Every structure is written in C-alpha cells, then in structure tokens.
Amino acid sequence: MEKRRSARDARDLPDAREDAADAQESEASRRRRRAQFLRELHEAKQLRDRVQPRRARAARMRQQMRMRTFRW
C-alpha cells in the first residue's frame, strides 16, 4: 500500500506543475484577449463618434454637465 501511495504522489507532482503552467498560460491569454477587446471597443466608440457627430457632441455636453455638478 505504501508503494502505491508513493507512486501516486509521484504521478500527482507533474500534473500539479502542468496545472500551474496551464493556469499561468490561461491568465496570460485572458489578459491578451481582454486587451484586444478593449482596443476594439475604443476603436468602435471612436468610429461611432465620427459617424454620429451630433450624438457625440450631446454626450460630451452631458459629461461636462456631470463633471460641473460633481461634488468632491
């Protein structure tokens, strides 16, 4: 029984290392996907502002009004 337990522990160690490497890789890939999404979102907002200048101007005015009435 001790042999089986030690053999199983030895097998579990590489799996744990692989899981940690997968977690780090998935974290890195998640950050890359998030950065790509935010870039595309910013680009889409800029495009929308260019093709709808009146709506963009109204949004800027609303934001300015919000900032004027904001209390620190």
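In this text the structure is predicted, and so the values were computed from the model without any measurement.
The stretch residues 26-37 participates, sequence neighbours left out, in these salt bridge (charged side-chain N to carboxylate O under 4.0 Å, His left out) pairs: Glu25-Arg32, Glu27-Arg30, Glu27-Arg31. For residues 45-65, no pair satisfies salt bridge (charged side-chain N to carboxylate O under 4.0 Å, His left out), with sequence neighbours left out.
Residues meeting the side chain to side chain donor-acceptor pair (under 3.5 Å) test with Arg39, sequence neighbours left out: Gln36.
The CD atom of Glu43 sits 7.5 Å away from the CD atom of Gln46 when rounded to the nearest 0.5 Å.
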